Amino acid sequence: MQCDRCNQSVKKENLHKHNGNLLCEECYMDALSPARTCDPWASQSAKNFVRETGSIATINETQARILGLLKRHKAMEISVIAEALEIALFDLKREIATLHHLEKVKPETREGKRLITLW
Ligand SMILES: [Zn+2]
C-alpha cells in the first residue's frame with residue numbers, strides 16, 4: 001500500500017482514509033490540521049483594529065469595490081453585493097463589518113429589507 005499524497009509505501013494498518021484518499025500518518029495529520037491562513041481580520045475584530053490604528057485605516061481592494069458599488073447604487077442588499085462582487089457572503093459580511101467600524105457604511109432597513117448604505 002502507499003500514501004496517496006506522498007507516495008511512500010505504508011503498511012495497510014497505518015493508512016488513514018481522508019476525503020477518499022488513503023494517507024500515511026504524517027499526511028493524515030497534516031490534512032487534519034487547520035489551514036494556515038494569514039488573515040488578520042479573522043483573528044482580530046475590526047473594532048480592535050480600528051481602535052489600535054486610529055479610525056483612518058487603509059481599506060483593502062474588496063472594501064474599495066463595495067464602496068464603489070454603493071456610491072453608484074446608494075443602497076444594496078448584502079446578497080446583491082456578494083453577487084455583484086462574486087465573493088462569498090461570509091467574506092462580504094466581514095468586509096462590511098470592517099467598513100461599518102470605519103464609519104464608511106451602515107445598515108438600514110427599508111420596507112422590510114436589510115440594506116447597506118454609505119455612512
Ligand atoms: Zn503520506
Side-chain angles (χ1 to χ4, degrees):
M1 303 289 291
Q2 63 176 176
C3 168
D4 284 336
R5 191 187 271 197
C6 66
N7 293 326
Q8 72 167 321
S9 58
V10 194
K11 281 191 198 136
K12 194 176 182 225
E13 58 267 30
N14 291 331
L15 281 169
H16 302 267
K17 247 201 167 130
H18 183 75
N19 287 341
N21 292 321
L22 288 170
L23 303 178
C24 69
E25 199 88 44
E26 240 174 77
C27 293
Y28 184 63
M29 294 309 287
D30 193 50
L32 287 188
S33 65
R36 294 169 203 90
T37 50
C38 180
D39 189 347
W41 300 105
S43 53
Q44 185 185 35
S45 81
K47 208 170 188 175
N48 286 338
F49 182 82
V50 171
R51 194 183 300 140
E52 283 161 19
T53 57
S55 60
I56 313 163
T58 51
I59 58 172
N60 67 28
E61 199 192 319
T62 307
Q63 290 158 5
R65 289 170 69 202
I66 295 167
L67 292 177
L69 265 182
L70 288 171
K71 265 179 196 147
R72 262 181 285 150
H73 298 275
K74 306 299 178 203
M76 294 176 84
E77 282 179 90
I78 283 195
S79 58
V80 177
I81 300 174
E83 252 171 61
L85 297 181
E86 294 179 333
I87 59 176
L89 209 54
F90 176 83
D91 293 326
L92 178 63
K93 282 183 177 167
R94 202 175 57 195
E95 303 294 2
I96 298 272
T98 305
L99 287 171
H100 186 223
H101 290 303
L102 292 172
E103 302 191 352
K104 297 276 188 199
V105 302
K106 58 180 191 281
E108 201 178 295
T109 307
R110 255 187 238 170
E111 294 162 14
K113 277 184 183 175
R114 286 176 58 81
L115 301 171
I116 302 298
T117 65
L118 289 175
W119 190 270

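Only heavy atoms go into these numbers, but all of them, side chains included; no hydrogens, no water, no symmetry mates. One-based numbering, in listed order, for ligands and for the atoms of each. This is a predicted model, so every value here is computed, not measured.
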* Asked: Any donor and acceptor pair, going by atom type alone, linking the side chain of Asp4 with main-chain N or O of Leu22 inside 3.5 Å?
  ->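 Yes, the answer is positive, given that a donor and an acceptor are paired below the 3.5 Å cut-off.
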* To do: Less than 2.8 Å from the Zn ion (ligand 1) is the window; count the protein N, O or S atoms in it.
  =>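 Under the 2.8 Å cut-off, the count stands at 4.
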* To do: Can you measure from CZ (Arg65) to CD1 (Ile81) and round to the nearest 0.5 angstrom?
  =>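 The CZ atom of Arg65 sits 12.0 Å away from the CD1 atom of Ile81.
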* Roughly how far, to the nearest 0.5 Å, is CD of Glu95 from CD1 of Ile116? ->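 Output value for this atom pair is 13.0 Å.
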* Those residues that, when tested against Lys11, pass side-chain contact (heavy atoms from CB on, under 4.5 Å) (two or more places apart) ->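 For Lys11, the residues satisfying side-chain contact (heavy atoms from CB on, under 4.5 Å) (neighbours in sequence not counted) are Glu13, Asn14.
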* What orientation do His16 and Tyr28 show, parallel under 30°, tilted 30 to 60°, or perpendicular over 60°? ->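 Ring orientation, 0 to 90° scale: parallel.
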* Asked: If you count the non-hydrogen atoms of other residues, nucleotides and ligands that lie under 6.0 Å from NZ in Lys106, is the total more than 12?
  ->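 It does: Lys106 NZ has more than 12 such atoms within range.
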